[in-house]
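Reviewing the structure listed below.
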Amino acid sequence: MTLRSVRIAVAPRLFKLPWFRRFDGYTMWNLILLRSSELSSDHDLICHELCHVWQMQHRPLRMPLSYLRYGYANNPYEAQARAASGARPPVDGIGSSDPR
């Protein structure tokens, strides 16, 4: 995996949109978006999102299309990212496992 082109940005307005409210971070190819600047020190979250960057580098079509087939909670790419970061599965089966 190359990290040269990976960028991390804080985009609080994005996370006010209904689809994004449930996430603390979101990856778009080589761009990791975070809800707040405080999350930039959340190593588990950054590791989880970097795993998605790696997935997109290796499966640029299969990875995003997998959400149509499996959804979020049962998605094997999400399971892989959770395992990489040591995070628990989502509590509600939909979004973040962090009860914040």
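Every value quoted in this text rests on a predicted model; they were computed, and no experiment measured them.
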**Study point:** Nearest-0.5 Å distance that lies between atom CH2 in W29 and atom CE in M63
**Key:** 9.5 Å
Point to revise | Beyond-backbone contact of V6 with I32, side-chain heavy atoms, under 4.5 angstrom | key: yes
Point to revise | Heavy atoms from other residues, nucleotides or ligands near NE2 of H43 exceed 12 (cutoff 6.0 Å) | key: no
Revision key, fill the gap. On a heavy-atom basis, the closest approach of C47 and S85 is SG-CA, 3.9 Å
**Study point:** Non-hydrogen atoms of P76 and Y70 that approach each other most closely
**Key:** CD-CD1, 3.5 Å
**Study point:** is_close_aromatic(F23, Y72), centroid dist under 6.0 Å
**Key:** yes
Exercise for review: State, with a plain yes or no, whether a side-chain heavy atom of L31 is found less than 4.5 Å away from one of Y26.
Suggested key: no
Check your understanding: Would a distance-only check, ignoring hydrogens and angles, find a side-chain to backbone donor-acceptor pair under 3.5 Å from H58 to W54?
Key -> yes
Point to revise | Smallest separation among heavy atoms of F20 and R35, with atom names | key: O-NH2, 3.5 Å
Study note, to complete from the structure: Nearest heavy-atom approach of A73 to R82 is O-NH2, 3.6 Å
Practice item. State, yes or no, whether a side-chain contact exists between L3 and V53 at a heavy-atom distance under 4.5 Å. Key: no
Review point. Will you find, in the side chains of E49 and H52, an N or O donor that is under 3.5 Å from an N or O acceptor?
Key: no
**Study point:** Y67 versus E78, closest heavy-atom pair with distance
**Key:** OH-OE2, 2.5 Å
Review point. Is there side-chain contact between R21 and P18, with at least one heavy-atom pair below 4.5 Å?
Key: yes
Check your understanding: How many angstroms lie between atom CG of L33 and atom CG of L39, to the nearest 0.5 angstrom?
Key -> 12.0 Å
**Study point:** CD on Q57 to CG on N30, rounded to 0.5 Å
**Key:** 8.0 Å
